[in-house]
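Residue numbers run from 1 in the order of the sequence given.
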Amino acid sequence: MTTTPTAFTPQATLRDVTLRDGLQLTGKPLATDRKVAVVRELLELGVPAIEIGSLARPDLVPSMANTLEVIERLDPDELARCWVWVATPRHVEKAAQAGAVNFQYCLSASDAHNRANIGRPTEASLDAMPAAVEHARSVQGRIQLCIATSFTCPFEGAVPEERVLAIAADERTRGAADIVVCDTLGQAVPAQVSSLIAQVAERTPPRRIVYHGHDTWGLGVANSLAAVAAGAAEVDGSLGGLGGCPFAPGASGNAATEDLLFALRPGWLTPDAFAAIVRLTDGLLADLGEPNRSRAVQGAHSSATAFPWALASGAPGAEG
């Protein structure tokens, strides 16, 4: 049975962040070959963008130790759709030397979290950003401004909207092609997300807006859809809701890639492609010994045989 995808609005693209944010809290490393295979399978299925790792110190985040090896294994066409997390100009330089062209430069709205996550105050990260931008431009690359703890901080509590807007409007961030607004702890609610995304769109330089949400309080998908309705052009998710920040107590998994895809229904997503992603998730999380938090994956494994998105439906490529 073939199902014609329904056009859903408002539309946004999805970036899968499993291999960076998704793996940060796992106790089991993933080999370079496996990471490269995951990247290629997701790209082949139609996922338009993937975060493939970070330049975080490997002694602090061991699961990221082979990021440069992953970059070196991918070809230029693949790397054009891949992003690397960076926090310093030197990170950009090293990733670029390996072949990367898309860089997510991260700092925190909260000074306390920036010190815990990156080891310096937020002002120091802002001061260094122009040099990071220049390194990205030297390889004809793109750089994003990623603002962690845009809503709440595990050390300081609520983060004022004006703090985030001030960073977004700061002259030192002007070289960024995109801005990523992060609900690092998953404590925001849709009304907060709508408000902040709309203000970023209205009051800061024109850039593509990306929303990065976590599902700690069960609102990962709701917040992501609120962000899209308010102007975000892309949302982040990880397979099976894997993930969390090791330097943010209380941060659990990301919004699940499968849940976001099922809600957004991009044109490339067919029941067959969705089934393939579910199987990829099942195998990956089983190998990592991690639970699957995606409700859409649970639905896909149900016995709803009349529903083409369920694996047991009898659709081409379905199980059962």
Side-chain angles (χ1 to χ4, degrees), residues 15-42 50-74 79 82-100 102-108 112-120 125 132 146 148-149 154-155 180 182 184-186 212 214-216 236-254 256-257 280-293:
R15 174 172 59 181
D16 184 85
V17 301
T18 305
L19 297 180
R20 200 277 300 179
D21 205 357
L23 292 179
Q24 286 189 140
L25 288 181
T26 58
K28 193 172 181 180
L30 206 60
T32 300
D33 285 349
R34 186 66 180 280
K35 288 185 177 182
V36 171
V38 169
V39 171
R40 289 181 170 152
E41 183 168 356
L42 289 174
I50 302 173
E51 192 178 39
I52 58 173
S54 89
L55 271 290
R57 283 172 48 184
D59 58 324
L60 298 179
V61 191
S63 57
M64 297 295 105
N66 57 350
T67 293
L68 291 175
E69 296 172 19
V70 173
I71 297 169
E72 290 167 351
R73 291 277 299 277
L74 298 171
L79 288 169
C82 294
W83 291 85
V84 181
W85 184 99
V86 297
T88 68
R90 178 59 179 153
H91 284 173
V92 179
E93 186 178 14
K94 290 173 66 176
Q97 287 172 350
N102 296 317
F103 312 94
Q104 183 176 207
Y105 185 89
C106 194
L107 51 83
S108 302
H113 184 260
N114 208 72
R115 291 178 183 276
N117 194 35
I118 301 173
R120 58 183 60 85
S125 290
C146 176
T149 61
F155 312 110
V180 187
C182 303
T184 304
L185 297 178
H212 177 95
H214 287 242
D215 199 41
T216 314
D236 285 349
S238 69
L239 296 174
L242 187 68
C245 177
F247 308 107
S252 66
N254 293 265
T257 286
L280 173 61
T281 300
D282 287 343
L284 180 64
L285 296 190
D287 289 346
L288 290 171
E290 294 285 344
N292 195 322
R293 302 179 180 91

Next on the checklist: Does any part of the side chain of Asn292, heavy atoms only, come nearer than 4.5 Å to the side chain of Leu239, both counted from C-beta?
Outcome noted: no

Side-chain (Lys28) to main-chain (Gly289) donor-acceptor, under 3.5 angstrom
no

- Query: Do Asn66 side-chain atoms and Pro29 backbone N/O form a donor-acceptor pair below 3.5 Å?
  - Reply: no

Looking at Leu242, is its backbone amide N or carbonyl O close enough to the side chain of Ser238 to form a donor-acceptor pair, meaning the two atoms are under 3.5 Å apart?
yes

Minimal heavy-atom distance between Cys146 and Cys182, with the atoms involved, is SG-SG, 3.5 Å

Test side-chain contact (heavy atoms from CB on, under 4.5 Å), reference Lys94, set Thr67, Leu68, Val84, Val86, output is Leu68

* Asked: Just by distance, do the side chain of His91 and the backbone of Leu55 share a donor-acceptor pair under 3.5 Å?
  -> yes

Side chains of Val39 and Leu19, heavy atoms from C-beta outward: is any pair under 4.5 Å? yes

Note: Asp16 and Thr18 closest approach over all heavy atoms is OD2-OG1, 2.7 Å

Between the CG atom in Asn114 and the OG1 atom in Thr149, the distance rounded to the nearest 0.5 Å is 7.5 Å

### Message
Less than 4.5 Å apart, side chain to side chain, heavy atoms only: is that true for Leu23 and Met64?
### Response
yes

Considering only heavy atoms from C-beta outward, does the side chain of Arg15 approach that of Val180 to under 4.5 Å?
yes

